[in-house]
Amino acid sequence: MDTSKRRARPTFTDQEALQFHAQGKPGKLEIVPTKPMATQRDLSLAYSPGVAVPVKAIHEDPTRAFDYTARGNLVAVVSNGTAILGLGNLGALASKPVMEGKSVLFKRFADVDSIDLEVATEDADEFVNCVRYLGPSFGGINLEDIKAPECFIIEERLRELMDIPVFHDDQHGTAIIAAAGLVNALHLTGRDVTSTKLVINGAGAAGIACAELIKAMGFAPDNVILCDTKGAVYKGRIEGMNQWKSAHAADTEARTLADAVRGADVFFGLSAKGALTPEMVASMAPNPIIFAMANPDPEILPEEVAAVRDDAIMATGRSDYPNQVNNVLGFPYIFRGALDVRATTINMEMKIAAAKALAELAREDVPDEVAAAYQGARPRFGRDYIIPVPFDPRLIHVVPAAVAQAAMDTGVARRPIVDMRGYKAQLSARRDPVAGTLNRIFERVRRYPKRVVFAEGEEEQVIRAAASFVNQGLGTAILVGREDRVYETAELAGIDLEGKEGIEVHNARLSHRNATYAQFLYERLQRKGFLLRDCQRLINQDRNHFGAAMVALGDADAMVTGVTRNYSTALEDVRRVIDHKPGHRVIGVSIVLARGRTVLVADTAITEMPGAQDLAEIAVEAAGVAKRLGYEPRVAMLAFSNFGQPPGERSQRVQEAVRILDGRRCDFEYDGEMAADVALNRDHIAAYPFCRLTGPANVLIMPAFHSASISTKMLQELGGSTVIGPLIVGLDKPVQIVPLGAKDSDIVNMAALAAYNIGG
């Protein structure tokens, strides 16, 4: 019952999903070496004869495997495919895309390396024997999508046989997140765990795990009634029973779900759509707590509850309602904490610690990074916010630390953490900021959808991007092109545009706004050598001019282009139509993600050889982008020298730029001139105690366009970094330009950034 895999409604077509998994390297994972492999000496150290040294060391002391191999940060995601998502028993091989996805989530949210293993057997004994002997390879085992009751048998036996954490996320992940929400819901309604009456509908893996966890947290056994398709699980019942249900048989007169729910304080649904009726809701106690977590559709919808009760607190597994019970809040961070103390197991105390940490986090004021996704409505602890959101950056240092502490307190930690404050700082450094930032931006754009022009609307990848933009609920996509060409290209690509809500096709030549756009452009360009017929021709025949005019005159909110033209050409087209924002300058900023760090680089697109004043203005604009992305800017003014040594003419320009910034009394950290290795390395910065930066720079101001462009492209191609951009900053209207030949996913990202108005 992994709610991290739920979705409320499709935000993509089947073909998009298949293409996503097939494009480039098939699948979602690859293995990348963490040590250099460039020379013969590297190879000798990595393999024969150098590898013999750690082999002998591990033989002498097995715990050294955590020091000399990847075992301590490696989790196996294991399934036999007997309970895949809500699809049922489709077999081990069919489960592989899901297991790869789980591995990706481990890496994305908690920097845990993971390998998926699909075991082709439905026999519990065979499954156990397969997995138990893989123990030396991994630091933990995440069981996934295994049907009940085999999942109970498998987990219990593997926990007994292995000295590493074994965790069935479909059981415990759902239970932990639901328990966190329940703690806060009880707090808001003034209830005590010892007297609260709770009904769990669904006696499968997640339902029974919920029962076990909440009882361990203090619920009285007879105040928790478990129900299945045959009704209440009561003492003395024989039909449809097994040892796991029997352990939770209550002393109750209730025989049906309706009986059990009558007067109950809390309902946990882990069953099926429609299981909880409005009549049942009406019969519950005042201020009922209803967690309808069925996959993919809840037992009852929030609006159905609202029709009969105005005092209920609700949670579902869906992202389009408040209080989403999402397993991604749990398993990556729980394993992170368990791995970091080399725990032998994940015990009940560690699960309770995770639940309480999540509950406490939801009560704290949310940071700007989270608030950015809720434009104008910062979420606050209350009935509609009892569970943290998945992109809260504090999760990475809050939950693992709580789990690690519980492991140490209960004696299952083999490597206790001495400096917990330092550990939390280390955890924060593991986070993937770009992915989190894009997620926050997408969430905000969904709340405030925009009309975005996709200027090159006859190109297949642009049409795919437009369809994806709409499917993800980001707004309206306006394809500029000839209708017959657009629809023909879409049909050949298998994209159904006919009658698709949210997609418009605008033919520049036939548009009723054509003359207005031409006149607007003529008024801008008539003193720059353009005749009216020149402007009319640009509007008729050039999609960049037409699309930019739509944005300039308010017929659209933003625009994305660049697939078929060089960046500089596309930018020249746009700037004929749209001016810079008053008081700002137009620059290019690239976002670089390398080894979990995010750095903004400027100017990567506009000013070829900036002077001191230019560099100062570029720094101000780039710092503004960092703030809009939710980061506190630390700006390094780069050069080949460090604070005057060696001296040079270009370094003097950078020094002067710093003096100009001093005069402007900027509200962000900055310093220079300094070399890139100093700017990015805390230890190197320490060699200059007068440096104003309190940590490694996250905004790099390059001394020239060519150095900025060359460095980012080299990082992308040779360093394996992810580079987004260059983003155009400083235009009066939001326009973004993708690289020539960009993929549809890149176009969607840039369209979202344009809709978000990342450029200010």
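None of the values given here were measured: they were computed from a predicted structure.
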| Nearest heavy atoms of S95 and E118, plus distance in Å | OG-CG, 3.5 Å
| Do the two ring centres, one from F331 and one from F106, sit under 6.0 Å apart? | yes
| request: Scan for salt bridge (charged side-chain N to carboxylate O under 4.0 Å, His left out) pairs involving residues 44-61, sequence neighbours excluded, and state none if there are none. | output: E60-R64, D61-R64
| Can you name the side-chain contact (heavy atoms from CB on, under 4.5 Å) partners of D603, sequence neighbours left out? | I587, A605, I606, T607, I618
| query | So, N471 versus S468: side-chain donor-acceptor pair below 3.5 Å or not? | reply | no
| Closest non-hydrogen atom pair, L474 against V445 | O-CG1, 3.3 Å
| query | When rounded to the nearest 0.5 angstrom, what is the spacing between CE in M162 and CZ in R159? | reply | 12.5 Å
| query | Does D170 reach the main-chain N or O of A205 with its side chain, forming a donor-acceptor pair under 3.5 Å? | reply | no
| message | As a quick check of understanding, evaluate salt bridge (Lys or Arg N to Asp or Glu O under 4.0 Å) for D340 and R415, giving each step before the final call. | response | CA-CA 8 Å; D340 289 340; R415 189 185 67 173; 5.0 Å; no
| said: Looking at A708, is its backbone amide N or carbonyl O close enough to the side chain of S711 to form a donor-acceptor pair, meaning the two atoms are under 3.5 Å apart? | reply: yes
| query | Has the side chain of Q15 got a donor or acceptor atom that lies under 3.5 Å from a matching backbone atom of A493? | reply | yes
| message | Main chain of V75, side chain of S114: is a donor-acceptor contact present, judged purely on distance under 3.5 Å? | response | yes
| So, do L143 and I154 sit near enough that their side-chain heavy atoms are less than 4.5 Å apart? | yes
| query | Could you give the distance from CG (L134) to CG (L117), rounded to the nearest 0.5 Å? | reply | 6.5 Å
| Heavy-atom check, side chain of V77 versus side chain of I115, under 4.5 Å | no
| request: With the side chain counted from C-beta on, respond yes when N698 and L600 share a heavy-atom pair under 4.5 Å apart, and no when they do not. | output: no
| field | Heavy-atom donor-acceptor pair, T604 side chain to G588 backbone, under 3.5 Å | value | yes
| said: For a side chain to side chain contact (heavy atoms under 4.5 Å, CB included) check, start with the C-alpha distance between F469 and F454, then their side-chain angles and the critical distance, and finish with the verdict. | reply: CA-CA 10 Å; F469 184 85; F454 291 73; 3.9 Å; yes
| message | Is the shortest side-chain heavy-atom distance between L680 and L700 below 4.5 Å? | response | yes
| request: Mind listing the closest non-hydrogen atom pair of A401 and L427 along with its distance? | output: N-CD1, 4.2 Å
| query | Is E126 reaching over with its side chain to a backbone N or O of T121, donor-acceptor style, under 3.5 angstrom? | reply | no
| request: Go through the steps to decide whether R342 and D67 satisfy the test salt bridge (Lys or Arg N to Asp or Glu O under 4.0 Å), and finish with yes or no. | output: CA-CA 11 Å; R342 298 179 187 171; D67 300 318; 3.1 Å; yes
| query | Any donor-acceptor pair under 3.5 Å linking the side chain of K28 with the backbone of P97? | reply | yes
| query | With a 4.0 Å cut-off, would you call D113 and K107 a salt bridge? | reply | yes
| Where do I591 and V601 land on the side chain to side chain contact (heavy atoms under 4.5 Å, CB included) test, with the steps shown first? | CA-CA 6 Å; I591 304 175; V601 181; over 6 Å; no
| said: Is it the case that atom NZ in K147 sees more than 12 heavy atoms from other parts of the structure closer than 6.0 Å? | reply: yes
| Modelled atom types, side-chain donor and acceptor of N142 and E144, under 3.5 Å | yes
| message | Please report the interatomic distance OG1(T489) to CD1(I495), rounded to the nearest 0.5 Å. | response | 9.0 Å
| query | Are N566 and S568 linked by a side-chain donor-acceptor pair shorter than 3.5 Å? | reply | no
| Going by atom types only, do E122 and N89 share a side-chain donor-acceptor pair under 3.5 Å? | yes
| said: Donor-acceptor pair, distance only, cut-off 3.5 Å: does the side chain of E150 make one with the backbone of A124? | reply: no
| request: Return yes when atom NZ of K96 has more than 12 non-hydrogen atoms of other residues, nucleotides or ligands closer than 6.0 Å, and no otherwise. | output: yes
| remark: Nearest heavy-atom contact between A742 and I747 is O-CD1, 3.9 Å
| task | Taking the side chain as every heavy atom from C-beta outward, state whether T561 and E456 have any pair of such atoms under 4.5 Å apart. | result | yes
| task | Taking the side chain as every heavy atom from C-beta outward, state whether V592 and T598 have any pair of such atoms under 4.5 Å apart. | result | no
| Just checking, R71 and F138: is the charged tip under 6.0 Å from the six-membered ring centre and within 45° of the axis? | no
| query | Going by heavy atoms in the side chains, are I441 and L629 under 4.5 Å from each other? | reply | yes
| said: More than 12 heavy atoms of other residues, nucleotides or ligands under 6.0 Å from CG of L93: yes or no? | reply: no
| task | Check the pair T82 / D145 against side-chain hydrogen bond (donor to acceptor under 3.5 Å, both in side chains), numbers first and verdict last. | result | CA-CA 6 Å; T82 53; D145 286 358; over 6 Å; no
| With distance as the sole test, does Q171 use its side chain to make a donor-acceptor pair with the main-chain N or O of A209 at under 3.5 Å? | no
| query | What do the steps show when you test I177 against N326 for side chain to side chain contact (heavy atoms under 4.5 Å, CB included), and what is the final call? | reply | CA-CA 7 Å; I177 313 309; N326 190 329; 5.7 Å; no
| task | State the CG-CZ distance between N129 and R132, to the nearest 0.5 angstrom. | result | 6.0 Å
| Residue pair D169, K102: steps toward the salt bridge (Lys or Arg N to Asp or Glu O under 4.0 Å) verdict | CA-CA 10 Å; D169 187 48; K102 195 81 172 190; 2.5 Å; yes
| query | Could you go step by step and tell me if V51 and Y68 meet the side chain to side chain contact (heavy atoms under 4.5 Å, CB included) rule? | reply | CA-CA 10 Å; V51 75; Y68 302 133; over 6 Å; no
| If you look at every heavy atom in L358 and P388, which pair is closest and at what distance? | O-CG, 3.4 Å
| message | Counting C-beta onward and ignoring hydrogens, is there a side-chain heavy-atom pair between I701 and L638 closer than 4.5 Å? | response | no
| Closest approach of I346 to K351 (non-hydrogen atoms, all atoms of both residues) | O-CE, 3.9 Å
| field | ring pair (Phe, Tyr, Trp, His ring centres under 6.0 Å) partners for F167, two or more places apart | value | H172, F335
| said: Whether the side chain of D42 engages the backbone of T39 through a donor-acceptor N/O pair (distance < 3.5 Å, no angle test) should be reported. | reply: yes
